[in-house]
Protein chains: 2
Amino acid sequence: MVDQDDRLTRVFGALADPTRRDMVARLAAGDATVSELAAPYDVSLQAVSKHLKVLEEAGLVRRSRDAQRRPVHLDAEVFDLMTKWIERYRQQAEERYRRLDQVLARMQGKDSPTDEQRHEGAAG
Amino acid sequence: MVDQDDRLTRVFGALADPTRRDMVARLAAGDATVSELAAPYDVSLQAVSKHLKVLEEAGLVRRSRDAQRRPVHLDAEVFDLMTKWIERYRQQAEERYRRLDQVLARMQGKDSPTDEQRHEGAAG
DNA sequence: GTCTTGATCAACCATGTGGTTGAGTAGACA
DNA sequence: TGTCTACTCAACCACATGGTTGATCAAGAC
């Protein structure tokens, strides 16, 4: 579990950079070499290589060999880890919100909240 | 669009920290004050306040007032932005993968790839 | 062998980040 | 009025990050 937490830190951290997000977007359309990936950006090849290392350590990308080229491949599986984390808390928050709405609706029907109604928010 | 890119950078960046992810997880269960949020961690209140500022600027959290308390509320809407971004490229990558599988399956059936088969990977 | 290409490693630099402590602010309360 | 509580702001520090340049490596091309 701690291991997964570290993984989440790396993945979110990797995608916190717009250049790296852009690279992921391009790799979703197909594999590419480092030079190909570097072409659109106004930074050195070394900088791009560093970005790829971050993506690789986050498990978002794999690098193989083809002569002196190193084709980069998007490994979309890690996305699952993120969406699961996000969905979990979103659903939790939304359900809580829904329950609050119900309580508020009842409060409008009557006049002031009773003890019974206030307890509903803490149930479940 | 650039605005949204900046927003994504903030959200991913905010969630790249395990303490902040933990705070989000706890806020999903219900609103809390700064002191309440700080309690489980072995850091100063000021550090927690800084974390909350990051979460707020990412749009993940809203802070209101209740006397000298500042209740923190999770704003789960921003999660949508992330999941949309993630899903878009995951689906793209998975579809590409599926198509590649089809090509490989046919290659196993025959002997070597024909020009027709190689073009299938670029279609769509 | 030597050159060229594609990419990485290493050292360095400026800036950002997460933490600290100390001072200051806003509101409840005696 | 002064004091306590809850919190923020400001200054500082150590370390991480994104960028640079120069050297190096690995594998074709000549």
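Throughout, a chain's letter reflects where its sequence line sits, starting with A, and its residues are numbered from 1. Keep in mind that the numbers below use all heavy atoms, side chains included, and drop hydrogens, waters and symmetry copies.
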To the nearest Å, how far apart are A:Leu45 CG and D:dT21 C1'?
13 Å

Crowding at CD, A:Glu94 (>12 non-hydrogen neighbours, <6.0 Å):
yes

Nearest whole Å is fine: how far is D:dT8 P from B:Glu57 CD?
12 Å

What's the closest nucleotide to the side chain of A:Lys50 if the choices are D:dT8, C:dG19, D:dT20?
D:dT20

Shorter than 3.5 Å, N or O on both sides, protein versus nucleotides 25-30 of chain C: list them out with atom names.
| unit_1 | atom_1 | unit_2 | atom_2 | d |
| --- | --- | --- | --- | --- |
| C:dG27 | N2 | B:Gln68 | NE2 | 3.4 |

Between B:Thr9 and A:Arg21: side-chain donor-acceptor atoms closer than 3.5 Å
yes

Rounded to the nearest Å, what distance is computed from the OH atom of residue A:Tyr41 to the P atom of nucleotide D:dG18?
14 Å

Please determine whether a side-chain nitrogen or oxygen atom of B:Ser49 lies at a distance below 4.0 Å from atom OP1 or OP2 of D:dT8.
yes

Scanning both residues in full, the closest heavy-atom pair of A:Pro40 with A:Glu36 reads CD-O, 3.7 Å

Got more than 12 heavy atoms from elsewhere within 6.0 Å of CD, A:Glu87?
yes

Atom-to-atom span, CG of B:Leu15 to P of C:dG18 - whole angstrom
12 Å

Take atom CD of A:Glu56 and atom C1' of C:dC9, then tell me their distance rounded to the nearest Å.
15 Å

Measure the spacing between NE2 of B:His73 and CG of B:Asp31 and express it to the nearest 0.5 Å.
5.5 Å

Any B:Ser44 side-chain N or O less than 4.0 Å from OP1/OP2 of C:dT20
yes

Interatomic spacing from CG in B:Asp75 to CZ in B:Arg62 - rounded to 0.5 Å:
4.0 Å

Is it the case that the base of D:dG22 and the side chain of A:Gln46 share a donor-acceptor contact (distance under 3.5 Å, atom types as modelled)?
yes

Between C1' on D:dA6 and NZ on B:Lys53, what's the gap in Å once rounded to a whole number?
17 Å

Atom CG of A:Asp22 and atom C1' of D:dG18 are separated, to the nearest Å, by 16 Å

Provide the closest heavy-atom pair for B:Leu74 versus B:Leu60 in the form atom of the first, atom of the second, distance.
CD1-O, 3.3 Å

Is any side-chain nitrogen or oxygen of A:His51 closer than 4.0 Å to OP1 or OP2 of D:dT17?
no

Atom pair distance, as rounded to whole Å: CG in A:Asp42 and C1' in D:dG18
14 Å

